[in-house]
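All remarks here apply to the structure that follows.
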Amino acid sequence: ELDPRPRVNSAHYQIGNLMSHQILIKNGHIVTLDDTTGDLFNADILIEDDLIVAIGSGLSTSSGNSETIEAHGRLIIPGMVDTHRHVWQGAISGFTPQMTGAGYGPAVLSGISTKYTADDIYAGTLWGALQALDAGVTPTGDWAHNLQSPAHADADLQGLQESGIRGYLFYGGPGPA
């Protein structure tokens with residue numbers, strides 16, 4: 001059963017009986033998107049091992065392995081949701097905005113994408129997912145329309161998983177629809 005509580009992406013993990021890592025974000029304006037709770041002013045969020053464990057005022061850490069972030073005067077908002085992202089194209093994202101929709105098909109779908117190996121899919125997906133996280137997107141729908149083989153699909157999933165993003169793989173392709 002999946003834990004429904006929100007997760008954050010962090011490089012700190014609990015290994016064996018080592019002390020857990022805590023992050024305390026203090027004194028921010030928390031936008032909860034929860035009608036029951038409402039927005040919270042000058043409030044704190046306590047994160048332990050990538051999991052939000054408490055939201056409120058006057059929170060403190062209980063671990064010697066902790067980090068505190070002062071958020072006074074700042075918004076704390078949930079990660080944004082991107083329901084349509086071609087994550088595998090992360091490595092060519094600087095190239096694709098320079099073309100029209102009419103140019104995308106020949107250049108990408110019938111062009112460069114046909115040369116993608118499973119390793120290319122992995123690298124592009126990992127980079128694309130990290131770009132999304134950097135932009136504040138925490139869950140994304142990965143429209144993976146260049147999966148030429150089961151190995152390509154496995155590589156896409158591996159890139160999503162290793163990035164830490166909550167990615168939902170929409171299997172497809174290759175080529176134009």
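Throughout, numbering of the chain's residues begins at 1 and tracks the sequence.
- Note on Y171 and L109: same hydrophobic cluster, where clusters join Ile, Leu, Val, Met, Phe, Trp and Tyr whose side-chain heavy atoms are under 4.5 Å apart, directly or indirectly.
- Heavy-atom minimum distance, A144 versus L169: CB-CD1, 3.4 Å.
- Side-chain N or O atoms of T114 include one that pairs as donor or acceptor with a backbone N or O of G111 at under 3.5 Å.
- For the atom pair OG1 (T61) and CD1 (I23), the distance works out to 11.5 Å, reported to the nearest 0.5 Å.
- A continuous path of ILVMFWY side-chain contacts below 4.5 Å connects I47 to L40, so both sit in one hydrophobic cluster.
- Of all heavy-atom pairs between A118 and A151, the closest is CB-O, 3.7 Å.
- Of the possible donor and acceptor atoms, none in the side chain of Q131 sits under 3.5 Å from a partner among the backbone N and O of V87.
- Expressed to the nearest 0.5 Å, how far CG of L46 lies from NZ of K26 amounts to 10.0 Å.
- In terms of modelled atom types and a separation under 3.5 Å, the side chain of D156 and the main chain of A153 share no donor-acceptor contact.
- Rounding to the nearest 0.5 Å places NE2 of H29 at 10.5 Å from CD1 of I77.
- Each of N42, I25, D39, I76 was checked for a side-chain contact (heavy atoms from CB on, under 4.5 Å) with I30, and the lone residue meeting it is I76.
- A distance-only check finds a donor-acceptor pair linking the side chain of D44 to the backbone of N27 [under 3.5 Å].
- For the pair R85 and G128, the tightest heavy-atom approach, listed with the atom from each and the gap, is NH1-O, 4.1 Å.
- In this structure, L75 is a member of the same hydrophobic cluster as L33, with clusters built from ILVMFWY side-chain heavy atoms closer than 4.5 Å.
- Within the 4.5 Å cutoff, the side chain of L51 has no heavy atoms near those of the D49 side chain.
- Checking side-chain atoms of T32 against main-chain N and O of G38 turns up a donor-acceptor pair under 3.5 Å.
- By the neighbour-count criterion of 12 heavy atoms within 6.0 Å, atom NE2 of H84 is densely surrounded, having more than that number from other residues, nucleotides or ligands.
- At least one donor-acceptor pair under 3.5 Å links the side chain of E70 to the backbone N or O of H72.
- In this structure, OG1 in T125 is found 11.5 Å from CD in Q161, a value given to the nearest 0.5 Å.
- At a threshold of 4.5 Å between non-hydrogen side-chain atoms, the residues T37 and I55 do not count as touching.
- How far CD1 of I121 is from CD of Q89: 9.0 Å, rounded to the nearest 0.5 Å.
- Closest non-hydrogen pair, G103 versus P106, comes out as O-CD, 3.4 Å.
- Legend: residues meeting side chain to side chain donor-acceptor pair (under 3.5 Å) with S62, ordered by chain and number and at least two apart, are Q22.
- Cluster annotation: I165 is not connected to F170 through the hydrophobic network of ILVMFWY side chains, with a link wherever side-chain heavy atoms come within less than 4.5 Å.
- W143 and V137 fall into different hydrophobic clusters, where Ile, Leu, Val, Met, Phe, Trp and Tyr side chains are chained together by heavy-atom contacts under 4.5 Å.
- Between A54 and L59, the shortest heavy-atom contact is O-CD1, 3.7 Å.
- Interatomic distance, E48 CD to S66 OG, rounded to the nearest 0.5 Å: 10.5 Å.
- Note on ring orientation: taking the six-membered ring where Trp is involved, the planes of W88 and Y116 are perpendicular (angle over 60°, cut-offs 30° and 60°).
- Distance alone, capped at 3.5 Å, places no donor-acceptor pair between the S163 side chain and the L126 backbone.
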